[in-house]
Every structure is written in C-alpha cells, then in structure tokens.
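Here is how names work: the chains are called A, B, and so on, in the same order as the sequence lines, proteins then strands, and each is numbered from 1. A quick note: this is a predicted structure, and the numbers were derived from the prediction, not measured.
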Amino acid sequence: MKLPESFYLNNNVTEVARKLLGKYLFTCIEGAITGGYIVETEAYNGIIDKASHAYGNRQTARTQTMFAKGGVAYVYLCYGIHEMLNVVTSVEGQPHAVLIRAVNPTVGIEEMLYRRNMTVVKPNITAGPGSVGKALGISRKLNCISFQSNELWIEDQGLSFTDDEIAAVPRIGVAYAAEDALLPYRFYVKGNVYVSKPNR
DNA sequence: CTAGCGATCATCT
DNA sequence: GATGATCGCTAGG
C-alpha cells in the first residue's frame, strides 16, 4: 500500500509534485490516525531555485534534511507558528522537495477537528500548509523521518486525476524569489474545496 | 466579500 | 537584530 522508495528517488520534482495529487497522506500520532488525499502541492527545485531554502547550495543545520535521499520528511517552522510538511525527493545531495499545501480529509476527522479547535468540518480545516500541519499533528519531531515509517506515510489507493483536472500555476508567498516566483510549480486539483484560498 | 495586520520564534546575518 | 514556502481575526463595503 505504501508508496515504494523508488517513487521518491525521481529527480524530476515537478513530476513528483504532480503525481502526489490524489495520493493518500497519513500520520499516526499518539495512536490517532489522520489523513486524506493530497489536492495541492508545490515543487522546490534544488539549488537553482531562488524560492528554496537550499538555493545556492546553502547547507545549514536546518536544510540538511533537504539534501538527504528522497523518501523522508522535511518539517520546519514558518512565521514562528506553522509547522510545514515537505516530501524530500531525488538522490542524496540533491535538495529537491515538495511542499504539501492541502489535503482532502478522509480519516480521523474528529481528531483533526480537535487539533484545529473546530466543531464542524469546513474547507479550511486542511487548506493551506500551516493548516495541514496542524490538522495532521505534524511537528518538527517528524523532521527527517522516513515515509516508510509507521508515524507518517503515503499510499496509492488508485485515485488519479487527468491533466484536465489539474492546474499548474505560480507558487504562493515567494515573491522574493524574483523570476523563479513565476514558475508554474504549484499544482492543485481544480474545483476541490480543500485547495487553499484564492484559487480552485 | 475583501483588505489589512498581528501573532510568534527558529534561523540566518 | 531582521525576517519569513502563513493563518485567522477584525473592520469596512
């Protein structure tokens, strides 16, 4: 059921970002399983991508995880508040990663509501990377953990989308990345209500 | 409905 | 000492 390690070794990040749409992402935190299928992703294309933390081959304590072999999680804190989940891809030394921006929840709804401090399911429960992190109980303790583990994994349950059902547009919140901010590295499922804000 | 802004801290300079 | 791969609340139309 879990995606094989080979899936993550692909050195074409945008292809992986595209293929992750429709895959099921799960976490098992303190016995509670939560998750759903991915509906929005963003690709970060290694050392030549100005929007990436690893731009210019920048290796620091934080970015080390991105340089690992594909198939592990890169989790970091953004704006002092939000835990963001990325899927590290490609071979060791190649800092490619895919940011999980939105999930269509299917399992553990009650637990996600509790974590999000909500009482009824609304589209924003898992729309946006910070929301996904919170709903799935992602924390920096999961940084560097393998997607073959029993705390965090991705499954193929046969769901897939055609090119017509998927949009490829510029990424969010990366205006500082100059010309690279315009690259169509953000992928999402058209019309899905769990896709983050302006679009769909 | 949209626009503006505060929260809050690890990381890098 | 400055700054985010953001969110959600508030105010105003």
Quiz item: Between C:dA5, B:dA10, C:dC7, which nucleotide has the shortest distance from any of its atoms to the side chain of A:Leu77?
Solution: B:dA10
Quiz item: Across the strands shown, which category fits A:Met118 at heavy-atom distances under 4.0 angstrom: base, sugar-phosphate, nothing?
Solution: nothing
Quiz item: Parallel under 30°, tilted from 30 to 60°, perpendicular over 60°: which one fits the rings of A:His53 and A:Tyr76?
Solution: perpendicular
Self-check item: For A:Thr126 against A:Tyr194, the heavy-atom pair lying closest together
Solution: OG1-CD2, 3.7 Å
Exercise. Name the nucleic acid region contacted by A:Arg171, choosing base, sugar-phosphate or nothing; use a 4.0 angstrom heavy-atom cut-off, strictly under.
Key: nothing
Quiz prompt | Ring-face cation of A:Arg62 near A:Tyr74 (centre distance under 6.0 Å, axis angle within 45°) | solution = no
Practice problem: Could you state the atom-to-atom distance from NE2 of A:His82 to P of B:dA10 in whole Å? | Solution: 15 Å
Quiz item: With sugar-phosphate meaning primed atoms plus P, OP1 and OP2, does A:Ala127 contact a base, only sugar-phosphate, or nothing at under 4.0 Å between heavy atoms?
Solution: sugar-phosphate
Quiz item: What's the closest nucleotide to the A:Pro129 side chain, out of C:dA5, C:dC7, B:dT13?
Solution: C:dC7
Quiz item: Is any NZ, NE, NH1 or NH2 atom of the basic residue among A:Arg140 and A:Glu83 found under 4.0 Å from an Asp or Glu carboxylate oxygen of the other?
Solution: yes
Exercise. Can you figure out which of B:dA7, B:dC12, C:dA5 approaches the side chain of A:Cys78 most closely?
Key: C:dA5
Quiz item: Want to settle it: does A:Thr63 or A:Ile81 sit nearer the 5' end of DNA chain B, counting the closest nucleotide to each?
Solution: A:Ile81
Practice problem: Could you work out which one of B:dT8, C:dT6, B:dC12 sits closest to the side chain of A:Arg58? | Solution: B:dC12
